[in-house]
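Comments concern the structure below.
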Amino acid sequence: MFDSQRKIYKTVADIPGPRSLPVFGTRWIYWKFGLYKLNAVHLAYKDMFNRYGDIICEEALWNIPIISVKDRDFIEKVLRDSGKYPIRPPNEVTANYRKSRPDRYTNTGLVNEQGEVWAMLRNKLTPELTSPRTIQRFLPEVNQLADDFINLISQARDSNNVVEKFESYCNRMGLESTCTLILGRRFGFLDGEVSETATRLADSVTSQFRASQEAFYGLPLWKLIPTKAYKEFVASEDALYEQVQLVDKLKIYDSNKRFKLFEFSIVSEIVDTALIDEEQSCTDVRSVFVSILQVSELDNRDKKAAIIDYIAAGIKTLGNTLVFLLYLVAKHPDVQEKIYNEISLLAPAGTSITAEHLHRATYLHACISEAHRLLPTAPCIARVLESEVEYDNYRLPSGTVVLLHTGLACLENKNFIDATSYKPERWLDDLTKKSPFLVAPFGCGKRMCPGKRFIELELQIVLAKMVKQFHINFEGQLKTEFEFLLTPSNANFILRDRNC
Ligand code: HEM
């Protein structure tokens with residue numbers, strides 16, 4: 001095609017990719033006899049980029065194009081140029097289900113909404129969660145969570161110091177930490193016995209991610225009939241909802257330190273009481289919960305939906321990220337010793353980790369950034385283009401869905417020297433620090449993850465305490481699957497006490 005200056009340009013239809021079928025598009029590649037497996041979508045993209053080059057076109061049902069890119073400049077341009085309301089394609093299963101339940105939801109929630117409704121939810125629901133003050137206040141609680149986690153995995157070791165299925169313990173940590181952050185109290189998910197609630201919640205979140213995976217990469221048959229995946233999704237949404245219903249009966253202290261039964265119907269009274277209580281205690285961890293209850297402009301249904309979304313967004317993301325970080329550290333004993341030396345100097349044995357220690361633990365930070373670069377839980381950022389973008393002589397019109405493969409771009413030697421090696425030292429160099437659009441484990445811009453600060457704190461404290469307590473080992477290679485997130489499976493860690 002030509003533009004007004006007779007310059008030749010190519011369109012979306014010219015972008016290479018797997019063969020497309022009428023109506024079904026390229027979704028056949030994940031069918032039973034297709035080229036790739038649905039639980040290994042991350043490997044499929046690696047292969048497709050090798051076959052077709054740096055830009056690929058897949059087609060969803062009704063031949064709707066989805067463009068995948070791993071070029072650094074393209075990624076940067078799309079993320080940098082996003083406007084007032086950046087559009088992330090919604091999770092269709094969640095959005096459809098929520099629209100069918102007006103008794104429970106007035107909108108599709110912060111994760112899935114767009115435009116002014118999204119901006120309103122973001123404005124009302126996230127300031128407390130993203131505030132550095134909230135995170136500082138949470139520090140003693142995170143120290144305690146990390147101690148309880150270490151206690152749990154110490155007990156879980158067999159006689160050879162092996163913890164089998166380590167990822168299940170990390171998911172329990174994700175569950176306990178996120179619920180503590182969002183609901184303001186401990187739930188006991190790190191106690192020795194796995195409670196039925198913990199199992200149900202963790203299973204619900206796994207089902208949600210699996211259903212999202214099938215909805216996005218498979219055929220959306222669930223729009224016609226309730227498929228197995230769809231039924232599982234509905235059951236998981238119900239389980240999460242019921243869990244939040246329990247919160248309606250949460251006991252919290254009133255200003256005279258007496259227990260009070262919390263009901264959503266008397267929100268304002270409880271909020272007032274809780275607020276007085278907040279002011280009296282600087283170690284209180286209920287501020288996020290209270291801030292959600294406090295938004296007078298929001299319907300109670302929106303408050304419950306926000307709690308559900310936060311819990312669902314936090315559990316597995318944190319669990320997976322923790323496994324990846326500890327795996328990379330386990331595979332690099334030299335790195336582990338450097339962390340140990342740094343932390344032992346800053347926070348000698350028996351002392352809690354403070355904000356000051358963390359501020360000065362530059363090597364610890366570098367180890368975490370490098371793990372995000374090499375094994376990111378969310379290896380791709382999705383956007384809908386808000387205006388036309390030109391790339392390599394292609395013109396992509398506004399409205400095109402693009403998948404920005406930051407995870408794969410991070411593994412390219414043209415973007416990072418010796419890109420596939422775990423080298424935390426690279427983060428001590430100022431040049432590497434200037435890669436905010438490539439190493440973006442929490443996304444970018446106005447739609448960036450509001451849980452980022454909390455997760456960063458949690459990862460720093462858990463890593464520091466784990467390395468202080470154990471020599472961490474891992475035999476062989478970590479297996480990963482793709483469940484809308486990069487997910488570890490059957491991870492067996494060897495944890496030897498340092499003081500033995
Ligand atoms: C290691 C843990 C986590 C990772 C890797 C992670 C990653 C992400 C990513 C990549 C996005 C998309 C950002 C974008 O499109 O630019 C996102 C969005 C989001 N995350 Fe997280 N997340 C984590 C933990 C959490 C936690 C603990 C919470 C809540 C307490 C949370 C709540 C959310 C919400 C509500 C959104 C949607 C924000 C919006 O669209 O405005 N996440 N997260």
Side-chain angles (χ1 to χ4, degrees), residues 75 78-80 82 84-91 94-95 107-115 117-131 134-135 138 142 145 170-171 173-184 205 209 212 288-289 291-292 302 305-325 368-369 371-373 375-384 401-407 436-437 439-460 462-463 484-488:
I75 293 174
V78 172
L79 293 175
R80 215 187 264 284
S82 56
K84 205 167 159 195
Y85 309 128
I87 313 170
R88 193 178 47 241
N91 177 333
T94 312
N107 55 59
T108 59
L110 179 59
V111 179
N112 293 299
E113 270 303 337
Q114 314 293 346
V117 176
W118 164 77
M120 180 275 290
L121 291 172
R122 181 98 196 180
N123 239 334
K124 306 281 176 215
L125 292 168
T126 60
E128 189 67 29
L129 179 58
T130 52
S131 136
T134 307
I135 303 304
F138 214 67
V142 177
L145 283 159
C170 290
N171 286 339
M173 178 66 171
L175 187 56
E176 184 72 10
S177 310
T178 311
C179 289
T180 308
L181 172 75
I182 301 303
L183 302 174
V205 174
F209 280 111
S212 311
V288 176
F289 184 50
S291 76
I292 296 173
D302 295 331
I307 292 171
I308 292 174
D309 282 348
Y310 282 156
I311 293 175
I315 301 173
K316 283 214 94 177
T317 44
L318 175 55
N320 295 0
T321 306
L322 203 51
V323 177
F324 294 146
L325 172 64
I368 296 171
S369 299
H372 286 319
R373 186 186 71 80
L375 263 177
T377 301
C380 167
I381 304 172
R383 288 288 185 271
V384 175
V401 177
V402 289
L403 303 181
L404 309 171
H405 291 262
T406 46
F437 297 102
V439 186
F442 300 98
C444 228
K446 296 199 177 82
R447 285 212 88 136
M448 184 192 264
C449 175
K452 177 177 182 269
R453 277 185 207 272
F454 166 68
I455 295 293
E456 281 172 344
L457 177 74
E458 180 112 1
L459 292 176
Q460 289 161 16
V462 175
L463 178 59
F484 220 57
L485 296 172
L486 194 61
T487 306

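Worth saying up front: this structure is predicted, and the values here are computed from it rather than measured. For ligands, and for the atoms within them, numbers begin at 1 and follow the listed sequence.
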Asp309: salt bridge (Lys or Arg N to Asp or Glu O under 4.0 Å) partners, not counting sequence neighbours: Arg98
Residue portion contacting ligand 1 (non-hydrogen atoms closer than 4.0 Å) for Ile182: side chain
Polar proximity ligand 1 side, Cys444 side, N/O cut 3.5 Å exclusive: yes
N or O contact, Lys446 vs ligand 1, cut-off under 3.5 Å: no
Ligand-side contact atoms (ligand 1) for residue partner Ala313, heavy atom cut-off under 4.0 Å: 24 (C), 25 (C), 31 (C), 32 (C), 33 (C), 42 (N)
Glu113: partners by side-chain contact (heavy atoms from CB on, under 4.5 Å), with sequence neighbours left out: Asn107, Thr108, Val117, Trp118, Leu121
For Tyr310, atoms of ligand 1 separated by under 4.0 Å from a heavy atom: 29 (C), 35 (C)
side-chain hydrogen bond (donor to acceptor under 3.5 Å, both in side chains) between Thr377 and Thr321, worked out: CA-CA 6 Å; Thr377 301; Thr321 306; 2.7 Å; yes
Shortest heavy-atom approach to atom 26 (C) of ligand 1 - which of Gly314, Ala119, Pro376: Gly314
Close approach, Leu110 and ligand 1, non-hydrogen under 4.0 angstrom: yes
Per atom 7 (C) of ligand 1, closest listed option by heavy atom (Gly445, Pro441, Gly451): Pro441
Nearest option to atom 16 (O) of ligand 1, as decided by whichever heavy atom of Arg88, Arg383, His372 sits closest: Arg383
Nitrogen or oxygen of Thr178 less than 3.5 angstrom from that of ligand 1: no
